[in-house]
2 protein chains.
Amino acid sequence: MKKHFGEYIRQLRTDKGFTLTQLGAKLELDSANLSKIENGKRDFDEKRLNLLASVFNLNLDELRIEFLSQVIAKKIYESSCSLDVLQVAEKKVNYLRQANLKQKSLKF
Amino acid sequence: MKKHFGEYIRQLRTDKGFTLTQLGAKLELDSANLSKIENGKRDFDEKRLNLLASVFNLNLDELRIEFLSQVIAKKIYESSCSLDVLQVAEKKVNYLRQANLKQKSLKF
DNA sequence: TTTTGACTTGTCAGTTGATGACAAAATTAG
DNA sequence: CTAATTTTGTCATCAACTGACAAGTCAAAA
């Protein structure tokens with residue numbers, strides 16, 4: 001379990017024996033900034049997920065889950081609110097998806 | 001069920017018979033911007049949750065759950081990722097909280 | 001149909017926060 | 001020690017958010 005997404009990246013990087021500069025280049029990132037990301041002092045930008053996935057041959061959907069779950073967990077942790085929020089969120093996602101389906105079906 | 005937090009605010013406001021201008025003043029918001037919020041064209045700023053709670057005599061914790069769940073649902077909906085992300089997020093929150101407890105106990 | 005009040009929409013300047021970049025310090029490895 | 005690697009500090013820039021105002025629609029009342 002990782003405290004933030006940066007730890008996850010560091011794990012991937014060191015497993016492959018890359019330096020910050022090497023991986024940074026692949027991710028179009030300054031090595032200094034990648035360092036900050038790995039140390040949780042900056043956020044990893046979602047738009048680079050596909051690069052990350054291709055560099056390490058990861059499934060993009062699974063990677064996005066790893067990433068998003070960190071983002072969500074951070075929010076909940078910082079707001080110190082009940083985990084009930086997750087149940088409520090799940091219902092809302094289902095509602096949004098169902099509403100989207102209905103709208104699509106109306107178009108045809 | 002609401003598509004966004006603005007709908008929730010509109011419900012509260014119209015139930016009480018407030019106009020946009022009236023509620024806007026209480027929330028320190030332009031009526032035009034409150035209108036956009038209620039119509040989902042702008043986001044409600046989290047820092048105004050306490051004002052909102054006091055105007056309508058709501059429990060702040062419950063209100064925050066309503067708010068945060070919308071934010072989370074929106075993210076998941078937009079990224080079209082699996083709802084598994086919620087389970088993973090829950091584990092991460094628990095991990096973060098537990099890690100925080102450990103750190104606190106070390107201080108004393 | 002004119003007026004009035006409520007709401008909506010468009011626009012824009014100002015602010016804020018994130019980002020990229022670079023220098024320099026600190027740490028580690030050879 | 002030296003060189004490579006990593007970390008930290010700083011700052012200009014850029015994008016996104018915000019508040020504010022003007023102009024617009026709409027419905028009800030006069």
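Chain letters run A, B, ... following the sequence lines, proteins first and then strands; every chain starts at 1. Computed from heavy atoms alone, side chains included, the values below leave out hydrogens, waters and symmetry copies.
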Output all residues satisfying salt bridge (Lys or Arg N to Asp or Glu O under 4.0 Å) with [X], sequence neighbours left out; order by chain, then residue number.
X	value
B:Asp61	none
B:Asp84	none
B:Lys36	none
B:Arg13	B:Glu38

- Listed in order of residue number, which residues of residues 67-77 of chain A have a non-hydrogen atom at under 4.0 Å from DNA chain D?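 Heavy-atom cutoff 4.0 Å gives no residues at all.
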Could you tell me how far apart [X] ([atom1]) and [N] ([atom2]) are, to the nearest whole angstrom?
X	N	atom1	atom2	answer
B:Leu34	D:dG19	CG	C1'	13 Å
B:Phe18	C:dA6	CZ	P	13 Å
A:Glu38	C:dT27	CD	P	18 Å
A:Leu23	D:dT5	CG	P	13 Å

- Just wondering, are more than 12 heavy atoms of other shown residues or ligands nearer than 6.0 Å to NZ in B:Lys2?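 It does: B:Lys2 NZ has more than 12 such atoms within range.
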- Message: For B:Gln98, is the CD atom crowded, meaning more than 12 foreign heavy atoms sit under 6.0 Å from it?
- Response: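 More than 12 heavy atoms, drawn from other residues, nucleotides or ligands, come within 6.0 Å of this atom.
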- Between B:Phe5 and B:Phe67, what is the ring plane arrangement, given parallel below 30°, perpendicular above 60°, and tilted in between?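 Plane angle over 60°, so perpendicular.
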- Message: What does the B/S/- profile of nucleotides 11-23 of chain C look like, 5' to 3', with a 4.0 Å heavy-atom cutoff to protein?
- Response: B-------BBBBB
- Determine which pairs satisfy ring pair (Phe, Tyr, Trp, His ring centres under 6.0 Å) with at least one residue from residues 24-43 of chain B, sequence neighbours left out, and list them in order.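 Residue pairs with at least one partner in residues 24-43 of chain B: there are none.
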- Taking DNA chain C as the partner, which of residues 3-11 of chain B come within under 4.0 angstrom of it by heavy atom?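 Heavy-atom cutoff 4.0 Å gives B:Arg10.
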- Could you tell me which residues satisfy side chain to side chain contact (heavy atoms under 4.5 Å, CB included) with A:Val93, sequence neighbours excluded, listed by chain and number?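 Scan of A:Val93 (side chain to side chain contact (heavy atoms under 4.5 Å, CB included), adjacent residues dropped) gives A:Arg97, B:Ala73, B:Ile76, B:Leu83.
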- Task: Using side chain to side chain contact (heavy atoms under 4.5 Å, CB included) as the criterion, list what pairs up with B:Leu12, not counting sequence neighbours.
- Result: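 For B:Leu12 the side chain to side chain contact (heavy atoms under 4.5 Å, CB included) partners, ignoring immediate neighbours, are B:Tyr8, B:Phe56, B:Leu58.
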- Item | Side-chain N,O (A:Asn39) to OP1/OP2 (D:dT7) below 4.0 Å |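 Yes, A:Asn39 has a side-chain N/O under 4.0 Å of OP1/OP2 on D:dT7.
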- Quick one: list whatever passes ring-ring contact (aromatic ring centres under 6.0 Å, His included) with B:Tyr77, sequence neighbours left out.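 For B:Tyr77, no residue satisfies ring-ring contact (aromatic ring centres under 6.0 Å, His included) once neighbours in sequence are set aside.
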Taking only N/O atoms, report every protein-nucleotides 23-30 of chain D pair under 3.5 Å with atom names and distance.
none

- Would you confirm whether A:Asn33, through its side chain, and A:Leu29, through its main-chain N or O, come within 3.5 Å as a donor-acceptor pair?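 Pair absent, no side-chain N/O of A:Asn33 close to backbone of A:Leu29.
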- With sugar-phosphate meaning primed atoms plus P, OP1 and OP2, does A:Ser35 contact a base, only sugar-phosphate, or nothing at under 4.0 Å between heavy atoms?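 Base contact.
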- Task: Flag the pair B:Lys92 / A:Gln70 as yes when at least one side-chain heavy-atom distance between them is below 4.5 Å, and no otherwise.
- Result: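 Contact flag for B:Lys92/A:Gln70 side chains = yes.
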